[in-house]
Amino acid sequence: MSTDLFAHTARHARKYLDDVAARPVRAIATAPELRDALLATSPLPAAGEPAAAVIDRLASAAERGTVATQGPRFFGFVVGGSQPVAIAADWLVSTWDQNAGIFVLSPLISVVEEAAGKWIKDVAGLPESWSVGYTTGCQMANFTAIAAARHHVLAAAGWDVEARGLFGAPAIDVVVGDEAHYTIFNAMRLLGLGAERLRRIPTDGQGRMRADALASALAGGTGPCIVCAQAGNVNTGAFDPLEPIADAARARGAWLHVDGAFGYWAAAAPARRHLVAGIERADSVATDAHKWLNVPYDSGIVMTAHPQPHRRAMTTGAAYIVESPTERDPHEFVPEESRRGRAVPVYAALRAMGRDGLADLVERNCRQAARMADRLRTHPRVAILNDVVLNQVLVRVSDDDAVTNDVIARVQADGTCWLGGTTWHGVRAIRVSVSNWSTTDADIDASAKAILASLPH
Ligand SMILES: Cc1ncc(COP(=O)(O)O)c(C=O)c1O
């Protein structure tokens, strides 16, 4: 019986994927319609519903209630679609239902994490000795890295932050680029470092941290210090200059963290690799697999040059938790204890693509972003605000906030593609992020056409 249920569900999944490229990208159903479909019987009835009917109910709601982020013409935020092999591997993860916390609960997941970790580090030439943890996303990867940093810089000052907290601790000089992603500030809040007491270093016209300003800010400083740089600005795709930033951080004795949520993967494409030059000199790096590696949510990765501080910041231990003396206990590298084996789809995506396939995915999306920019800038009222160095394009129409907002609304309503807006250096702009394996040049051309058709006459 359950076999039939799975075959039945697989047919729904197949249909969803077959239809996703042709349907409007935006959601069609409203929240009240979805409530009618999903919540018609509330409170929870005493009698259960047959499993296949529950699945049918969900699948039918999904046809109209999901956004086709999985499809080839979703360009909002930085959202990668999932590759088939990663979806299939994710099904296995649910089927096995392994608790990825400790080795004794799943030798398989422990070794998959190890293998995927080696390959991910290889992408950017990070040393094999670096530790790796699998988080829900880059928010938690940033959090975990900065927790390790907090441990390390305070331990160097003779302070055990895990035992004593921050009460009376030596002050940490936290220094970030002015355009750090908001999740960096969130991590600072969660870690008691304060989202506002840190020092912000000015950025240039593309949003890159100014290394000269960082060097001046750090000069002569003493005591605990954490510097956060960025590989891939969420608006422009620009990279902080990591070599001079690493020089300045090293001269100061600071922990250097790099947020490379999507930019990390530039290292995979030979023509873009120079953008992350120096990343191997960082103390920690955060990235996402659910963005540009195109695996299902939730999948972030934290890597550090300091396995012991990383472990100490994350691990408390308990009498009944059986630690392996020789093998990887995955919970030692992330805040969670019990969790799913989220490295499995990461492993599958990397293994199926190989180095060449990954390079091709990244390079193709970058070329498609440039193609989109070229198509749009043919119109006299369209300006491309950024240097398109990666997969991000910032577009402004008629040099006017209201007109630009109006174009965003019209494109979303049209449904050919989906993109969102942002405020960039004081002006409204349309954000285009090309991060999906299934996007074709024809999708770019059709979307550019739909965007240009949404311009006021
Ligand atoms: C540079 C950067 N850092 C961090 C994040 C947060 O990632 P997540 O949403 O996976 O937590 C993002 C998301 O877009 C990002 O672009």
Side-chain angles (χ1 to χ4, degrees), residues 67 69 74-82 86 120 124 133-147 149 176-191 195 200 203 206-209 227-240 242 245 256-267 272 275-276 279 282 284-303 334-336 339 342-343 345-346 349 362 365-366 369 386 389-394 418-424 429 431-436:
V67 175
T69 52
F74 184 86
F75 304 117
F77 309 96
V78 184
V79 168
S82 286
I120 296 162
Y134 297 86
T135 59
T136 46
C138 201
Q139 165 70 84
M140 288 313 290
N142 281 329
F143 170 90
T144 306
I146 296 167
V176 308
D178 197 33
E179 295 188 38
H181 194 259
Y182 78 90
T183 54
I184 291 286
F185 300 98
N186 222 14
M188 297 300 172
R189 287 167 51 141
L190 293 167
L191 288 161
R200 298 173 80 124
T203 45
Q206 293 297 315
R208 293 173 291 226
M209 194 200 300
V227 175
C228 293
Q230 179 165 260
N233 178 297
V234 76
N235 287 312
T236 61
F239 289 69
D240 289 352
L242 298 179
I245 287 174
L256 173 61
H257 172 63
V258 178
D259 174 359
F262 56 99
Y264 181 77
W265 303 101
R272 316 273 160 181
L275 295 167
V276 294
I279 198 166
S284 56
V285 174
T287 188
D288 261 324
H290 58 213
K291 289 190 169 70
W292 223 351
L293 196 60
N294 281 199
V295 308
Y297 290 100
D298 45 22
S299 196
I301 298 149
V302 56
M303 296 170 277
V334 290
E336 304 109 319
R339 64 176 168 84
R342 56 172 76 103
V346 173
V362 171
N365 281 170
C366 291
N386 65 320
V389 295
L390 200 69
N391 61 337
Q392 306 291 122
V393 188
L394 276 187
W418 200 100
L419 31 74
T422 189
T423 300
W424 165 252
R431 291 182 69 259
V432 180
S433 175
V434 187
S435 320
N436 190 307

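Atoms within a ligand are numbered from 1 in the order they appear, just like the ligands themselves.
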Item to check | Interfacing atoms of ligand 1 (cut-off 4.0 Å, heavy-atom, T183) | outcome: 3 (N), 4 (C), 5 (C), 6 (C)

Checklist entry - Taking C-beta and beyond as the side chain, do Q230 and V258 meet within less than 4.5 Å on heavy atoms? => result no

Checklist entry - Hey, mind stepping through N235 and R431 against side-chain hydrogen bond (donor to acceptor under 3.5 Å, both in side chains) and telling me if it holds? => result CA-CA 7 Å; N235 287 312; R431 291 182 69 259; 3.3 Å; yes

Item to check | Which segment of M140 sits under 4.0 Å of ligand 1 when only heavy atoms are counted | outcome: neither

Next on the checklist: With heavy-atom distances below 4.0 Å as the criterion, list the atoms of ligand 1 near G232.
Outcome noted: 1 (C)

Checklist entry - Under the 3.5 angstrom rule, does the side chain of R272 hit a backbone N or O of V389 as a donor-acceptor pair? => result yes

Next on the checklist: Which label fits Y297 and H290: parallel for a plane angle under 30°, tilted from 30 to 60°, or perpendicular past 60°?
Outcome noted: tilted

Item to check | ligand 1-proximal atoms of Q139, by part, heavy-atom distance under 4.0 Å | outcome: both

Checklist entry - For ligand 1, which atoms, with element, lie under 4.0 Å from some heavy atom of D288? => result 7 (O), 8 (P), 10 (O)

Checklist entry - Identify the closest protein heavy atom to atom 9 (O) of ligand 1: which residue and atom is it, and at what distance? => result K291 NZ, 3.6 Å

Checklist entry - Where is the nearest protein heavy atom to atom 1 (C) of ligand 1: which residue, which atom, and how far? => result D259 OD2, 3.5 Å

Item to check | Interfacing atoms of ligand 1 (cut-off 4.0 Å, heavy-atom, G137) | outcome: 10 (O), 11 (O)

Checklist entry - Which value, rounded to the nearest 0.5 Å, describes the distance between N186 atom CG and L191 atom CG? => result 10.0 Å

Checklist entry - Side chain, backbone, both or neither: which part of F262 has a heavy atom under 4.0 Å from ligand 1? => result side chain

Item to check | Residues N386 and Q392: side-chain donor-acceptor under 3.5 angstrom | outcome: no

Checklist entry - In terms of atom number and element, which parts of ligand 1 are under 4.0 angstrom from non-hydrogen atoms of H290? => result 10 (O)

Item to check | Pair D259-N142, side-chain donor/acceptor within less than 3.5 Å | outcome: yes

Item to check | atom 16 (O) of ligand 1 [closest protein heavy-atom partner, distance rounded to 0.1 Å] | outcome: V234 CG2, 3.4 Å

